[in-house]
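Each remark here refers to the structure printed beneath this line.
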Amino acid sequence: MFSLFEDHEQELSRRFLDFLATKRNVRLLGRSVPDGEKRAPTFSFVVDGVKSQDIPPRLEPFKVAVRAGHFYAYRLPLGLGLDPEDGVVRASMAHYTTIEEVDRLIQGLDQIL
């Protein structure tokens, strides 16, 4: 049964990672492969020229929730050369996330990036 969860999460990851790969102004933090053995379906990224804190409220009309910040790891964005006060955008997916929800996230990001 857990393999069904993993397969679904990998499909969600593949869909989202494929989208991010088309955006030259997006820097993904972490691995860019949808392999469940190598990463969880939680994605942190920054967008050149856009504050991370500005992205979550702009996605609200698409009825998707992402968060922005340093997530209690203040030194990590600092070590990556990022503004720790602005942090990163984080989108998390799980076995109960639908493909339609990921598509709404992609649609919203496509419009604001």
Side-chain angles (χ1 to χ4, degrees):
M1 178 154 148
F2 288 112
S3 66
L4 294 175
F5 291 165
E6 184 178 342
D7 291 346
H8 179 66
E9 288 174 353
Q10 284 185 12
E11 173 58 23
L12 300 174
S13 296
R14 182 198 58 73
R15 198 175 201 93
F16 190 62
L17 288 168
D18 286 351
F19 165 75
L20 288 182
T22 68
K23 299 299 176 186
R24 298 176 72 91
N25 61 334
V26 174
R27 176 182 171 195
L28 175 69
L29 305 174
R31 296 174 187 248
S32 61
V33 294
D35 183 351
E37 298 281 322
K38 297 186 178 183
R39 75 162 303 130
T42 298
F43 308 93
S44 296
F45 60 94
V46 292
V47 180
D48 293 338
V50 180
K51 288 194 161 289
S52 295
Q53 298 292 328
D54 292 344
I55 293 176
R58 293 175 68 188
L59 288 172
E60 288 175 7
F62 296 92
K63 300 195 183 308
V64 294
V66 300
R67 298 291 176 253
H70 56 70
F71 304 100
Y72 304 101
Y74 187 86
R75 292 185 336 189
L76 181 59
L78 192 61
L80 293 171
L82 303 172
D83 174 5
E85 295 303 323
D86 189 43
V88 299
V89 179
R90 184 180 69 193
S92 301
M93 299 162 199
H95 60 278
Y96 49 79
T97 304
T98 67
I99 289 175
E100 291 78 18
E101 289 168 327
V102 174
D103 286 346
R104 283 199 319 266
L105 172 60
I106 289 170
Q107 178 187 17
L109 285 172
D110 199 34
Q111 286 188 25
I112 65 176
L113 301 181

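Numbers here simply count residues along the sequence, with the first being 1. Small disclaimer: the values here were computed from a predicted structure and weren't measured.
- Remark: the backbone N or O of His95 is paired with a side-chain donor or acceptor of Glu9 at under 3.5 angstrom.
- In this structure, Met93 is not a member of the same hydrophobic cluster as Phe5, with clusters built from ILVMFWY side-chain heavy atoms closer than 4.5 Å.
- Taken from CD1 in Ile99 to CD1 in Ile106, the straight-line distance is 10.0 Å, to the nearest 0.5 Å.
- For Glu101, the side-chain hydrogen bond (donor to acceptor under 3.5 Å, both in side chains) partners at least two apart in sequence or on another chain are Thr98.
- Under the side-chain hydrogen bond (donor to acceptor under 3.5 Å, both in side chains) criterion, Gln10 pairs with Glu6, not counting sequence neighbours.
- For residues 11-30, the pairs satisfying salt bridge (charged side-chain N to carboxylate O under 4.0 Å, His left out) are Glu11-Arg14, Glu11-Arg15, Arg14-Asp18, Arg15-Asp103, Lys23-Asp110, with sequence neighbours left out.
- Residues satisfying the side-chain hydrogen bond (donor to acceptor under 3.5 Å, both in side chains) test with Asp35, not counting sequence neighbours, are none.
- Phe19 and Val33 fall into different hydrophobic clusters, defined by Ile, Leu, Val, Met, Phe, Trp and Tyr side-chain heavy atoms under 4.5 Å apart, directly or through other members.
- You'll find the side chain of Ser92 stays beyond 4.5 Å of the side chain of Phe43, heavy atoms only.
- Residues satisfying the ring pair (Phe, Tyr, Trp, His ring centres under 6.0 Å) criterion with Tyr74, sequence neighbours excluded, are His70.
- Legend: salt bridge (charged side-chain N to carboxylate O under 4.0 Å, His left out) pairs involving residues 71-81, not counting sequence neighbours: none detected.
- Taking the side chain to side chain contact (heavy atoms under 4.5 Å, CB included) definition, one finds that Ala65 meets it with Arg67, sequence neighbours left out.
- For the ring pair (Phe, Tyr, Trp, His ring centres under 6.0 Å) test, no residue two or more places apart in sequence or in another chain qualifies with His8.
- Residues satisfying the side chain to side chain contact (heavy atoms under 4.5 Å, CB included) test with Glu60, not counting sequence neighbours, are Pro57.
- Remark: Thr42 engages no residue in a side-chain hydrogen bond (donor to acceptor under 3.5 Å, both in side chains) (not counting sequence neighbours).
- Think of Val88 as one node in a network of Ile, Leu, Val, Met, Phe, Trp and Tyr side chains linked at under 4.5 Å; its network also takes in Leu29, Val46, Phe71, Leu76, Leu80, Leu82.
- The closest side-chain heavy-atom distance from Val47 to Ile55 is below 4.5 Å.
- Here the straight-line distance linking atom CG of Leu59 with atom CG of Asp54 works out to 11.0 Å at 0.5 Å rounding.
- Residue Leu105 holds its CG atom at 10.5 Å from CG of Leu12, rounded to the nearest 0.5 Å.
- Of the inter-residue distances, the one linking Arg31 atom CZ with Arg39 atom CZ reads 9.0 Å to the nearest 0.5 angstrom.
- For the salt bridge (charged side-chain N to carboxylate O under 4.0 Å, His left out) condition, no pair includes a residue of residues 79-97, sequence neighbours left out.
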